[in-house]
J.: 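One structure, as structure tokens, below. Some questions next.
Chain letters run A, B, ... following the sequence lines, proteins first and then strands; every chain starts at 1.
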2 protein chains.
Amino acid sequence: MSHQPNIRDVAKVAGVSTATVSRTLKRPEKVREETRLKVMKAVEETGFVPNDLARMFRTRESRTVILLVRDISNPFYLDIYKGVEEEAFAAGYKVLMGDARDDDERITHYVDAVREGHADGLILMVGHFPKEMLVCPEKLPPMVVALEQIEHLELPTVRVDNVAAAREAVSYLIDQGHRRIVHLTGPLDEYLGQARLEGYRQALTQAKLPVDEALILPGDFSLNCGYQQMMKLQESGASFSAVFASSDQMAIGAAGALREKGLNIPSDVSLVGFDDTLIASVFYPPLTTVFQPRREIGRAAMALMVETLQSAGDGSDLPSDRLFPTQITVRSSVVSSNGGTRMSLGVN
Amino acid sequence: MSHQPNIRDVAKVAGVSTATVSRTLKRPEKVREETRLKVMKAVEETGFVPNDLARMFRTRESRTVILLVRDISNPFYLDIYKGVEEEAFAAGYKVLMGDARDDDERITHYVDAVREGHADGLILMVGHFPKEMLVCPEKLPPMVVALEQIEHLELPTVRVDNVAAAREAVSYLIDQGHRRIVHLTGPLDEYLGQARLEGYRQALTQAKLPVDEALILPGDFSLNCGYQQMMKLQESGASFSAVFASSDQMAIGAAGALREKGLNIPSDVSLVGFDDTLIASVFYPPLTTVFQPRREIGRAAMALMVETLQSAGDGSDLPSDRLFPTQITVRSSVVSSNGGTRMSLGVN
DNA sequence: TTGAAAGCGCTAACAC
DNA sequence: GTGTTAGCGCTTTCAA
């Protein structure tokens with residue numbers, strides 16, 4: 001064997017047919033013990049590694065799924081990935097991670113990757129989907145959604161109750177005496193941004209507090225945007241005593257802007273983030289934030305994917321959604337307010 | 001076409017041979033304009049997507065490389081990934097990211113992935129390599145190394161001068177008047193840990209300061225380890241005025257331990273990290289750290305990979321190493337020391 | 001329980 | 001410039 005040995009080399013050495021080698025490797029219970037040992041020995045001897053590409057080509061399944069996320073540089077997704085990978089490994093799948101960068105072209109690219117045979121399915125963690133692809137949904141590859149919700153696309157989904165999560169976070173601030181609470185939102189043309197904003201509104205309404213639209217700052221989850229929006233707000237002269245950001249990254253960006261204007265956290269402004277990423281715990285002061293069980297969410301998403309892939313084979317129904325709880329992680333970035341100096345515009 | 005159309009369907013619709021379809025798609029300049037248009041139209045009409053698996057299988061190249069990193073949850077690697085991906089995209093390659101978790105088995109797994117045809121090569125960002133695989137180096141797949149150095153493995157490498165980088169960081173602390181400087185090292189059985197420790201020693205020696213082995217704390221780059229080691233050191237009653245950590249994560253862990261003991265950063269203890277990840281800039285106080293041009297390093301590593309893959313084809317020489325500069329990013333976690341209270345053991 | 005043989009979809013000689 | 005053809009390495013009927 002001068003080169004990578006193939007199944008024929010093994011068959012020759014073992015003195016059996018290629019079919020027998022293939023069977024020995026895939027369904028050992030189907031061959032006689034004696035034959036199996038012969039084949040195993042030949043595999044050992046030749047250093048045979050089955051060409052997975054040939055197998056994938058032949059069976060038309062890659063046993064690979066793609067985890068397509070909003071922004072790969074957000075560490076939030078790393079724990080998701082680990083969960084997905086764990087579950088995938090257990091089910092004999094591989095996982096690739098793709099970076100959508102909120103860009104239709106890249107999303108299309110990953111859908112094509114499935115069509116081209118690179119993967120069997122897509123786990124979506126993006127907030128939208130190219131319109132053109134929605135026109136013939138039957139042409140779409142097997143997909144599941146995690147934590148997001150995509151318009152005009154009904155798919156098995158791993159959910160958390162974003163409305164409730166945001167409502168609780170804001171209620172917590174209200175309980176601490178805050179009345180004028182800024183909300184740095186997620187993208188408002190997508191579910192995640194809308195749902196959390198809805199939670200924010202509900203908390204205020206429930207507490208019979210007015211909603212001041214000037215305190216709602218449209219964002220995109222990024223650190224930089226948190227900084228910019230908070231700068232702008234401060235320059236507008238608005239008064240507030242707390243900020244609820246729809247991501248830890250935005251919270252931290254906002255903190256930078258507040259400090260730059262000489263404000264202290266939490267004594268001048270309280271701050272709540274969302275996601276409970278590592279950054280929240282090492283930030284100073286440690287950031288109060290909303291925790292989502294990322295690892296478990298990842299595992300559940302992959303489990304849903306496996307079910308979907310199976311139900312595509314037999315004609316069974318699509319798997320049903322899974323819901324995970326969120327919870328507030330209380331740290332030190334919130335202090336109680338008694339309606340002091342920074343509340344000049346006051347309460348209704 | 002009831003199913004995914006294949007190249008034969010297109011050929012039939014266009015009234016040409018499959019070879020012509022293949023050529024039109026791969027080397028359009030080789031077919032007549034008129035034919036090309038016919039084929040393009042047929043492709044459009046049928047909705048043909050070439051089966052990449054079949055192509056990979058046939059040509060025995062996947063045009064994919066795997067970026068294998070020490071720990072995928074370290075955001076440091078995300079910028080590396082982006083650099084690799086940019087360069088890869090330009091060269092028509094795809095990139096997969098793998099998580100070695102410092103584990104021989106997982107590394108072997110990724111080497112096998114190449115053998116199985118999933119990828120053409122491996123970009124290694126790990127500090128060691130399974131011993132068994134080193135015995136027949138000619139069986140190893142095309143590989144390049146970035147930022148690391150693996151014993152008994154000579155490969156094209158993207159380097160930074162870790163000794164100099166660490167020396168400069170420590171010299172900076174010395175210049176600020178610090179005399180008793182703790183070093184939280186990387187893994188000491190690997191190049192990265194050793195080189196930076198060597199830089200630490202050189203800086204002290206150069207300044208004619210003694211090296212106190214008690215201030216050298218073996219680490220593994222992780223946040224948690226930084227915390228634990230610093231806790232232990234403080235309980236031992238050692239005195240020091242500054243800490244140089246071999247990663248931002250350890251620096252931040254150490255900061256947690258220092259604060260827990262009532263020490264302030266930087267007024268009580270100055271702190272220098274390594275890597276200049278996002279976390280360094282959002283940490284409070286903003287962390288002085290050593291910057292490495294991650295994006296460029298990623299690009300260079302992929303460029304090296306492409307060269308390696310080509311030289312494997314023709315018999316040309318392996319590409320030569322590339323060296324990148326590092327530099328200190330000065331923020332606010334270091335203040336000058338005049339040899340005050342926390343320096344009881346004094347200077348030589 | 002095993003073997004023979006057909007082919008998955010594509011590419012690349014080679015012939016025309 | 002284009003068509004014919006022979007596989008790449010594997011799995012999977014089907015027949016023995």
J.: With B:K94, which residues qualify under salt bridge (charged side-chain N to carboxylate O under 4.0 Å, His left out), at least two apart?
T.: B:D52
J.: Please table the atom pairs, donor to acceptor, closer than 3.5 Å between any side-chain atom in residues 17-28 of chain A and protein atoms at least two apart or in another chain.
T.:
{"from": "A:S17", "atom 1": "OG", "to": "A:A19", "atom 2": "N", "distance (Å)": "3.4"}
{"from": "A:S17", "atom 1": "OG", "to": "A:T20", "atom 2": "N", "distance (Å)": "3.3"}
{"from": "A:S17", "atom 1": "OG", "to": "A:T20", "atom 2": "OG1", "distance (Å)": "3.2"}
{"from": "A:T24", "atom 1": "OG1", "to": "A:T20", "atom 2": "O", "distance (Å)": "2.6"}

J.: On DNA chain D, which is the earliest and which the latest nucleotide, 5' to 3', with an atom closer than 4.0 Å to a heavy atom of chain B?
T.: D:dG1 to D:dG9
J.: Could you give the side-chain donor-acceptor pairs of residues 119-130 of chain B under 3.5 Å, partners two or more places apart or in another chain?
T.:
{"from": "B:D120", "atom 1": "OD1", "to": "B:S62", "atom 2": "N", "distance (Å)": "2.8"}
{"from": "B:D120", "atom 1": "OD1", "to": "B:S62", "atom 2": "OG", "distance (Å)": "2.8"}
{"from": "B:D120", "atom 1": "OD2", "to": "B:R63", "atom 2": "N", "distance (Å)": "2.8"}
{"from": "B:H128", "atom 1": "ND1", "to": "B:D104", "atom 2": "OD1", "distance (Å)": "3.2"}
{"from": "B:H128", "atom 1": "NE2", "to": "B:D102", "atom 2": "OD1", "distance (Å)": "3.3"}

J.: Have a look at the helix from C:dT1-D:dA16 to C:dC16-D:dG1 and give the angle its two end axes make, five pairs each, rounded to 10 degrees.
T.: 30°
J.: Report all side-chain donor-acceptor pairs from residues 140-150 of chain B shorter than 3.5 Å, counting only partners two or more places apart or in another chain.
T.:
{"from": "B:E148", "atom 1": "OE1", "to": "B:R70", "atom 2": "NH2", "distance (Å)": "2.7"}
{"from": "B:E148", "atom 1": "OE2", "to": "B:R70", "atom 2": "NE", "distance (Å)": "2.9"}
{"from": "B:E148", "atom 1": "OE2", "to": "B:R70", "atom 2": "NH2", "distance (Å)": "3.2"}
{"from": "B:Q149", "atom 1": "OE1", "to": "B:R159", "atom 2": "NH1", "distance (Å)": "3.1"}

J.: Not counting sequence neighbours, which residues clear salt bridge (charged side-chain N to carboxylate O under 4.0 Å, His left out) with B:E33? List them please.
T.: B:R36
J.: Name all residues meeting the ring pair (Phe, Tyr, Trp, His ring centres under 6.0 Å) criterion together with B:F57; count only those two or more places apart in sequence or in a different chain, and write none if there are none.
T.: A:F57
J.: Could you work out, with salt bridge (charged side-chain N to carboxylate O under 4.0 Å, His left out) as the rule, every residue matching B:R60, not counting sequence neighbours?
T.: none
J.: Using a strict 4.0 Å threshold on nitrogen-to-oxygen distance, state whether A:R106 and B:E85 make a salt bridge.
T.: yes
J.: Base, backbone or nothing for each nucleotide of nucleotides 8-16 of chain C, written B, S, -, heavy atoms under 4.0 angstrom, 5' to 3'?
T.: BBBBB----
J.: Filter on salt bridge (charged side-chain N to carboxylate O under 4.0 Å, His left out), then keep only pairs touching residues 296-306 of chain A, sequence neighbours left out; what's left?
T.: A:E86-A:R299, A:E87-A:R299
J.: Identify every side-chain donor-acceptor pair in residues 75-84 of chain A under 3.5 Å, counting partners at least two apart or on other chains, and give the distances.
T.:
{"from": "A:D79", "atom 1": "OD2", "to": "A:R294", "atom 2": "NE", "distance (Å)": "3.1"}
{"from": "A:D79", "atom 1": "OD2", "to": "A:R294", "atom 2": "NH2", "distance (Å)": "3.1"}

J.: Examine C:dA4: is either OP1 or OP2 under 4.0 Å from a nitrogen or oxygen in the side chain of A:S17? Give yes or no.
T.: no
